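Remember, predicted model here, so these are calculated numbers, not experimental data.
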Amino acid sequence: MPEIPEDCLYTREHEWIRIEDSTGVVGITDYAQESLGDVVYVELPNVGDRFDAGEVFGNVESVKAVSELYMPMAGEVIEVNEGLSESPELINQDPYGEGWMIKVALADPEETSDLLSPAEYADFIEEETEG
């Protein structure tokens, strides 16, 4: 079973968000990085870019495929993990730590109704892998 930290919320597209006050830290899940295989390139937005929940904010390229990245919650990008341009493999090695992608000033930190809890996400990937 992939790692699913209790301090994050999840999307059905396999992104995670860790909410810290009015800021969200965003990345892809352990399940997503395992499915992708070795990540070789990441395209991320610029600081100041704004996105609605569900909008594509970038993409991740692996040896297997290119996958779009979807914004878990509406907000403005306030920081981008520059380390990923030099070392995209951090996403595979530490998806919830050094492999984070962006930090976002959240438009509404309370608006989490479309996100999955850790338990709901575990059920979701279990259904997806069985399906």
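Summarising the geometry, atom CD1 belonging to Ile102 is positioned 11.0 Å from atom CG belonging to Leu84; distances are rounded to the nearest 0.5 Å. Atoms CD and CD, on Gln33 and Gln93 in that order, are 9.5 Å from each other to the nearest 0.5 Å.
In this structure a side-chain-to-backbone donor-acceptor pair under 3.5 Å is present from Ser85 to Glu82. Although no hydrogens or angles enter the test, the distance criterion places no donor-acceptor pair under 3.5 Å between the side chain of Asp21 and the main chain of Thr23. The closest donor-acceptor contact from the side chain of Asn81 to the backbone of Met101 lies at 3.5 Å or more, if one exists at all. In this structure a side-chain-to-backbone donor-acceptor pair under 3.5 Å is present from Asn92 to Val39. Looking at Glu15, its side chain does come within 3.5 Å of a backbone N or O of Tyr70 through a donor-acceptor pair. Under the 3.5 Å distance criterion, the side-chain polar atoms of Ser87 are left unmatched by any main-chain donor or acceptor of Leu90. Counting only distance, with no hydrogens or angles, the side chain of Glu128 and the backbone of Ile125 share no donor-acceptor pair below 3.5 Å. Checking side-chain atoms of Asp94 against main-chain N and O of Gly97 turns up a donor-acceptor pair under 3.5 Å.
Scanning all heavy atoms of the two residues, the minimum distance from Glu3 to Asp30 falls at N-OD2, 2.8 Å. Closest approach of Glu76 and Gly48 over heavy atoms only: OE2-CA, 3.6 Å. Heavy-atom minimum distance, Met73 versus Pro109: CE-O, 3.8 Å. Between Pro118 and Pro5 the shortest heavy-atom distance is CG-O, 3.6 Å. In terms of heavy atoms, Ala53 sits closest to Pro72 at CB-O, 3.7 Å. Closest non-hydrogen pair, Thr11 versus Tyr121, comes out as O-CE1, 3.7 Å.
Side-chain heavy atoms closer than 4.5 Å link hydrophobic residues (I, L, V, M, F, W, Y) into clusters, and following such links, even through other members, never connects Val63 to Ile91. Note on Val26 and Val42: same hydrophobic cluster, where clusters join Ile, Leu, Val, Met, Phe, Trp and Tyr whose side-chain heavy atoms are under 4.5 Å apart, directly or indirectly. If you chain together hydrophobic residues whose side chains sit under 4.5 Å apart, Leu106 and Leu44 fall into the same group. The hydrophobic clustering, which links ILVMFWY residues whose side-chain heavy atoms are closer than 4.5 Å, places Val80 and Ile28 together. Cluster membership check: Leu69 shares its hydrophobic cluster with Ile17, using side-chain heavy-atom separations under 4.5 Å among Ile, Leu, Val, Met, Phe, Trp and Tyr.
Inter-residue side-chain proximity for Ile19 and Leu9 is flagged as met; some heavy-atom pair is nearer than 4.5 Å. The closest side-chain heavy-atom distance from Met71 to Val104 is below 4.5 Å. Side-chain contact between Val66 and Tyr41 is absent, with no heavy atoms from C-beta onward closer than 4.5 Å. Put simply, the side chain of Val77 reaches to within 4.5 Å of the side chain of Phe51, judged on heavy atoms. Inter-residue side-chain proximity for Tyr10 and Leu115 is flagged as unmet; no heavy-atom pair is nearer than 4.5 Å. Residues Ser62 and Asp38 have side chains not in contact (no heavy-atom distance under 4.5 Å, counting atoms from C-beta outward). Two residues are said to be in side-chain contact when any heavy atoms from C-beta on lie closer than 4.5 Å; Glu55 and Asp52 meet this criterion.
Applying the ring-ring contact (aromatic ring centres under 6.0 Å, His included) test to Phe124 and every residue at least two apart in sequence or in another chain returns His14. Looking at residues two or more places apart in sequence or on another chain, you find no salt bridge (Lys or Arg N to Asp or Glu O under 4.0 Å) involving Glu89.
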Evaluate side-chain contact (heavy atoms from CB on, under 4.5 Å) for Leu36 paired with Ser67, printing each intermediate quantity in order. CA-CA 8 Å; Leu36 283 168; Ser67 297; 3.2 Å; yes
Given side-chain contact (heavy atoms from CB on, under 4.5 Å), test Phe57 with Glu43 step by step and report yes or no. CA-CA 9 Å; Phe57 71 86; Glu43 183 181 318; over 6 Å; no
Could you go through Glu110 and Thr112, starting from their C-alpha distance and side-chain angles, then the distance that decides it, and tell me whether this counts as side chain to side chain donor-acceptor pair (under 3.5 Å)? CA-CA 6 Å; Glu110 303 300 313; Thr112 60; over 6 Å; no
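In this pair, Trp16 and Tyr96 present their aromatic rings tilted. The plane angle is within the 30 to 60° band.
Within 6.0 Å of the CZ atom in Arg12, the count of heavy atoms belonging to other residues, nucleotides or ligands does not exceed 12. The environment of Glu86 atom CD is sparse: at most 12 non-hydrogen atoms of other residues, nucleotides or ligands sit within 6.0 angstrom.
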